[in-house]
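Since we're looking at a predicted model, the values are computed, not measured.
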Amino acid sequence: MTVSKFGRFLVSKEELCLTNVLQVGQSFRWIFDEKLNQYSSSLKVGNDEKYALVVLRQNSSNGEDFVEFGSVGGDCELGTLDSHLRNYFRLDVSVNDLYSTQWLPRDDRFKSHSPSGNRILAQEPWETLVSFICSSNNNISRITKMCHELCSKFGNKIGTLGDVDYYSFPSSDDIVERSSEEELRKLGFGYRAKYIIDTAKMMVEDKTANGYTSDTQYLMELGSKLTYEQLREHLMRYSGVGPKVADCVCLMGFKMDHVVPIDTHVSRIAKRDYNFQAAKNKIKDLSKKYTEYPITRKKINMELDLTRLMFVEKWGEYAGWAQGILFSNEVGNANGATSTGKIKKRELEVKPEVKEENTTVNSKTKRVKRQSY
DNA sequence: CCTGGACCTCGTTG
DNA sequence: ACAACGAGGTCCA
């Protein structure tokens with residue numbers, strides 16, 4: 001099967017860099033073909049719950065940068081795909097405008113961190129939820145492997161490109177009906193196997209009780225009605241979903257642009273570069289506020305939540321995007337997508353040297369890997 | 001409310 | 001070769 005027709009949108013590499021956006025831990029299912037300089041994945045496009053096999057290429061000619069896109073077999077109209085991808089890549093938002101009007105004036109640290117085409121995606125919420133449940137205490141390479149495994153074992157076959165078969169991301173029903181904790185453990189999911197099965201079961205109950213058959217539609221409806229605090233509370237009811245995973249889902253699955261997921265790296269950045277310390281009285285105020293949110297209160301770490309609030313205050317309404325840029329500069333390279341579905345090391349144009357430095361955290365001395373340019 | 005530990009797996013590290 | 005480590009956390013006591 002091939003792509004018969006391509007569409008394109010013009011976008012500079014400073015606004016969108018596919019390598020940065022698709023291979024660094026937001027999305028885990030894009031496959032990169034080095035020879036063709038082409039990304040491909042199955043993607044739920046349009047409102048009919050159907051997956052399409054989508055192909056992307058980033059190029060430039062005559063000084064114009066653009067992304068070409070198409071669907072294999074043409075099973076998706078080009079106009080539909082165009083508007084879907086404009087939303088998926090959030091082309092309504094200019095990271096460079098945000099950089100110069102919001103982040104740079106508010107935070108000197110951004111002097112040394114330009115966007116470089118890093119941006120936050122608008123992904124399908126159910127896939128985002130399950131993917132980030134897989135991400136706990138894990139590395140990108142294995143998360144990628146697990147996501148592909150979920151699709152090929154429990155999704156539906158969508159099409160073939162080259163010698164690779166593509167599958168839909170399994171719905172909660174697919175997972176409940178076709179999988180089990182035992183099988184997921186055999187496939188290498190470890191203790192996340194139980195989280196995924198329990199979450200899928202709960203999702204089936206939830207959406208059924210609310211009259212939905214589609215995970216996407218149920219969750220999107222929820223997202224349109226609830227505030228951030230309410231949605232996070234709802235998401236943290238699910239097994240394996242703590243504050244970090246819930247925040248990732250809010251940011252990348254629900255377009256809540258101000259949400260800053262706090263992981264070990266961001267927490268370290270806050271202490272090291274922003275001299276952050278949680279004040280006792282602020283902890284008290286916050287825990288009072290969260291009496292309305294029992295699950296949040298149970299699962300949250302007050303210090304980390306105050307870290308999140310500090311960043312939101314500092315960076316403003318697109319704070320989550322700002323975090324993405326600092327994070328990519330802090331962690332930089334990682335493992336990424338492949339051409340065969342197997343995992344191998346991601347190659348970078350320039351390999352930054354990694355050096356060690358000492359940082360003091362909680363009066364303990366800890367060695368930390370950090371990039372230098 | 002906070003602290004500490006266990007938890008699957010797997011590539012990297014020494 | 002092989003034990004020890006840690007990876008963009010979560011759960012339970």
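Counting distance only, with no hydrogens placed and no angle test, the side-chain atoms of A:Tyr191 and the base atoms of C:dG9 include a donor-acceptor pair under 3.5 Å. You won't find any donor-acceptor pair under 3.5 Å spanning the side chain of A:Arg192 and the base of B:dC7, going by distance alone.
Protein atom NE2 of A:His265 is 12 Å distant from nucleotide atom C1' of C:dG9, rounded to whole Å. For the pair A:Ile140 CD1 and C:dA7 C1', the interatomic distance rounds to 10 Å; values are reported in whole Å. Taking atom CG of residue A:Leu187 and atom C1' of nucleotide B:dT9, one finds them 13 Å apart after rounding to whole Å. Taking atom CG of A:Asn138 as the reference point, atom P of B:dG11 lies 11 Å away to the nearest angstrom. Taking atom CD of residue A:Glu183 and atom P of nucleotide B:dC8, one finds them 18 Å apart after rounding to whole Å. Summarising the geometry, the separation between NZ on A:Lys244 and C1' on C:dC11 is reported as 17 Å, rounded to the nearest angstrom. Between A:Ile295 atom CD1 and C:dT10 atom P the separation is 14 Å, expressed in whole Å. Rounded to whole angstrom, the span from the CD1 atom of A:Ile143 across to the P atom of C:dT10 amounts to 12 Å.
Along DNA chain C, the nucleotide nearest to A:Met236 and the one nearest to A:Gly25 differ in position, and the one closer to the 5' end is contacted by A:Gly25. Take the nearest nucleotide of DNA chain C for A:Ser239 and for A:Met252: the residue whose nucleotide is more 5' is A:Met252.
Among the atoms of the strands shown, none is found under 4.0 Å from any heavy atom of A:Gln26. At the heavy-atom level, A:Ile283 lies under 4.0 Å from the strands shown only through sugar-phosphate atoms. Residue contacts for A:Val266: at a heavy-atom cut-off of 4.0 Å it reaches no nucleic acid atom on any strand shown.
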Discussion item. Go through it in stages, so that I can follow the logic: the residues are A:Asp92 and A:Arg90, the test is side-chain contact (heavy atoms from CB on, under 4.5 Å), and I'd like the CA-CA distance, side-chain angles, deciding distance and then a yes or no.
Written reply: CA-CA 5 Å; A:Asp92 56 314; A:Arg90 302 295 308 279; 3.7 Å; yes
Item to complete: Would you check, one step at a time, whether the test ring-ring contact (aromatic ring centres under 6.0 Å, His included) holds for A:Phe9 with A:Phe69?
Response: CA-CA 8 Å; A:Phe9 43 77; A:Phe69 58 87; 5.6 Å; yes
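Phosphate proximity of C:dG9 to A:Ser135: absent, as no side-chain N or O sits under 4.0 Å from OP1 or OP2. Phosphate proximity of C:dC11 to A:Lys299: present, with a side-chain N or O under 4.0 Å from OP1 or OP2. Not one side-chain nitrogen or oxygen of A:Arg142 sits closer than 4.0 Å to the OP1 or OP2 atom of C:dA7. Taking 4.0 angstrom as the limit, A:Arg297 places a side-chain polar atom (N or O) nearer than this to OP1 or OP2 of B:dC1.
No side-chain donor-acceptor contact under 3.5 Å links A:Tyr39 and A:Gln58.
Comparing the same atom, P, in B:dC8 and in C:dA13 gives a spacing of 15 Å after rounding to whole Å. Rounded to the nearest Å, the gap between the P atom of C:dG8 and that of B:dG5 is 23 Å. One P atom belongs to B:dA6, the other to C:dA4, and the distance between them is 14 Å to the nearest Å.
Side-chain proximity of A:Asn137 to the nucleotides C:dC11, B:dC2, C:dA7 is greatest for C:dA7. The side chain of A:Asp263 lies closest to C:dG9 when the candidates are B:dC2, C:dG9, C:dT10. Comparing C:dG8, B:dC1, C:dT10 against the side chain of A:Cys248 picks out C:dG8 as the nearest.
A:Phe110 approaches A:Leu104 most closely through the heavy-atom pair C-CD1, 3.7 Å.
A:Lys194 NZ: 12 or fewer foreign heavy atoms inside a 6.0 Å radius.
The nucleotide B:dC8 finds no pairing partner, because no Watson-Crick or G-U wobble arrangement with both distances shorter than 3.5 Å includes it.
When each of A:Tyr228, A:Phe311, A:Trp321, A:Trp315 is checked for a ring-ring contact (aromatic ring centres under 6.0 Å, His included) with A:His258, only A:Tyr228 meets the rule.
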